[in-house]
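To keep things clear, I will list the structure first and then write my remarks on it.
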Protein chains: 2
Amino acid sequence: MEELKKRILLVEDDPNFGTVLKDYLMMNDYEVTHAKNGMEGFEKFKKDDFDLCILDVMMPYKDGFTLAKEIREKNSDVPIIFLTAKTMKEDVLKGYKVGADDYLNKPFDSEVLLMKIKAIIQRKATETISDSKQFEFKIGKFDLNSKLRFLRFNGGEPVKLSPKENELLRLLALHENDLMPRELALTKIWRDDNYFTSRSMDVYIAKLRKYLKPDPKVEILNIHGEGFRLVVNE
Amino acid sequence: MEELKKRILLVEDDPNFGTVLKDYLMMNDYEVTHAKNGMEGFEKFKKDDFDLCILDVMMPYKDGFTLAKEIREKNSDVPIIFLTAKTMKEDVLKGYKVGADDYLNKPFDSEVLLMKIKAIIQRKATETISDSKQFEFKIGKFDLNSKLRFLRFNGGEPVKLSPKENELLRLLALHENDLMPRELALTKIWRDDNYFTSRSMDVYIAKLRKYLKPDPKVEILNIHGEGFRLVVNE
DNA sequence: CATTTTTGTTAACGTTAGGTTAAAAGCCCT
DNA sequence: AGGGCTTTTAACCTAACGTTAACAAAAATG
């Protein structure tokens, strides 16, 4: 149950309302990041992967639409829900133009918001991921299929990878021959950087090394205090 | 540039409002069929293929929800927009349960309706590419006829499949050799994603595995926490 | 060169997801 | 209302996963 919480970026400048809404969403099993304005919202958006963004339209410095546009430029897929203070037609239309998935007029019913969130996230889930390229890697004589979570050596029998093994190896592969910082894996995969998650990660590195043993040209090197490096020799 | 007009089924008992709305939609390049009540709505629905249904909730004889349920039984894919007279939370929630794509409170802004229609139809269009109208599959030595709901091994006696068995196998076949996410089956077939529907799905997987046993090259693999994969070896 | 910190590795443990079968509940059709 | 089919729920069991502990080795520190 702990594992697959959906992540929501909530950008709302009203501190009271924002906090209450955040707590409400968290009570309903979402992982919520709360940003107090558009600027901060974009920073947090860049740092993490979210399943949904809830943006207040009326905000100082950077309004919700502008933020949405920036988000769309970076990642065209994240669903966006706008919160508008009043029923302004122009706002609604503008919202849809930017690529909103829905909008809600304040004040709104919290249960309705929940339903919308659920519906939208489910919708996204049913859209089949077709660009398999991003999930396939060649690592020496290995083929990593990160979507189907298996690792094959030399075209032989594939070995199944657990979610964490898979994610970690994928991150390493993305940085092949380059440093993959500890912190990166911990924040992206474990979503927490502390002593225990760090040790856990070391355990997984050991597992991966075992898997990769068949090809002596492939190894995972440690860079003390920094992270790891997946190298393919020659 | 003679494009195919999108077809909308409008079910609305108020004759004035219904006619105006129909004309408005037609002016915006939709082909509209107007039914005056739920009964008539279902008749017309059965006769034709529509890209979208707009249903009034409050109607004599057969309300919008009941109609929606019937429509869903016949064709689980058509997008549905509900028109509700007032903001009744229960209505909204009920709507989403039936699988509504959106709802609008009367009175609503006509431009907003247009935007929603456009957004929804577009969404459906991109979605439909993958699970296009396909009802016959070859799965190893099996033939699946998803319309007639039977599965035949090696040209022998066909086995009858129950609706759920059929739908599930069809979804797996559509994603042959690829991941068929749990979530996808649960939302598309069971329309709800919880512990019990999930367990129910596992039961069906077991049933399908039994059916598929005759061909050792065909198997349904599990990808822990993600879903299932129908593979045909070699 | 002794000490602290970081990493390597293995094993044990608790928890959750999935496999399977059977019984119960729901439906439909007379 | 009863019989046949479908679907859900329950129960029990195994497999898969991730975390933590424990101990060893390596690297940095000073």
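The sequence lines fix the lettering, A, B, ..., with proteins before strands; numbering per chain opens at 1.
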Salt bridge (Lys or Arg N to Asp or Glu O under 4.0 Å) with A:Asp202: which residues, sequence neighbours excluded?
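With neighbours one apart ignored, the set is A:Arg182, A:Arg199.
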What is the distance, rounded to the nearest whole Å, between atom [atom1] of [X] and atom [atom2] of [N]?
X	N	atom1	atom2	answer
B:Arg191	D:dT7	CZ	C1'	17 Å
B:Asn194	C:dA17	CG	P	13 Å
A:Leu168	D:dT19	CG	C1'	15 Å
B:Arg229	C:dG18	CZ	P	16 Å
B:Phe196	C:dG26	CZ	C1'	16 Å
B:Tyr211	C:dG19	OH	P	17 Å
B:Asp192	D:dT9	CG	P	10 Å
A:Trp190	D:dT20	CH2	P	12 Å

Atom CD1 of A:Ile121 and atom CD1 of A:Ile8: how far apart are they, to the nearest 0.5 Å?
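The CD1 atom of A:Ile8 is 5.5 Å from CD1 of A:Ile121, to the nearest 0.5 Å.
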Could you check whether atom NZ of A:Lys207 has more than 12 heavy atoms from other residues, nucleotides or ligands sitting under 6.0 Å from it?
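Yes, because the 6.0 Å sphere around NZ of A:Lys207 holds more than 12 heavy atoms from other groups.
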Using ring centroids (six-membered ring only for Trp), state whether B:Phe137 and B:Phe142 fall under 6.0 Å.
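Ring centroids of B:Phe142 and B:Phe137 are no less than 6.0 Å from each other.
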D:dT8 phosphate, OP1 or OP2: any side-chain N/O from B:Thr197 under 4.0 angstrom?
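Answer is no, no contact under 4.0 Å.
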Do the side chain of B:Arg229 and the main chain of B:Asn177 share a donor and acceptor less than 3.5 angstrom apart?
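Yes, because the side chain of B:Arg229 sits within donor-acceptor range (under 3.5 Å) of the backbone of B:Asn177.
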So, the side chain of B:Asp56 versus the backbone of B:Glu12: is there a donor-acceptor pair under 3.5 Å, distance only?
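The answer is no, because no donor-acceptor pair under 3.5 Å joins these two groups.
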Just the atom pairs and distances: protein N or O near nucleotides 6-12 of chain C's N or O, under 3.5 Å.
from: C:dT7; atom 1: OP1; to: A:Gly225; atom 2: N; distance (Å): 2.7
from: C:dT7; atom 1: OP2; to: A:Arg182; atom 2: NH1; distance (Å): 3.2
from: C:dG8; atom 1: OP1; to: A:Arg209; atom 2: NH1; distance (Å): 3.0
from: C:dG8; atom 1: OP1; to: A:Arg209; atom 2: NH2; distance (Å): 2.8
from: C:dG8; atom 1: N7; to: A:Arg199; atom 2: NH2; distance (Å): 2.8
from: C:dG8; atom 1: O6; to: A:Arg199; atom 2: NH1; distance (Å): 3.1
from: C:dG8; atom 1: O6; to: A:Arg199; atom 2: NH2; distance (Å): 3.2
from: C:dT9; atom 1: OP2; to: A:Arg209; atom 2: NH1; distance (Å): 3.3
from: C:dT10; atom 1: OP2; to: A:Lys210; atom 2: NZ; distance (Å): 3.1

Within the structure shown, what part of the strands sits under 4.0 Å from A:Ser200 by heavy-atom distance: base, sugar-phosphate, or nothing?
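Base, at least one base heavy atom under 4.0 Å.
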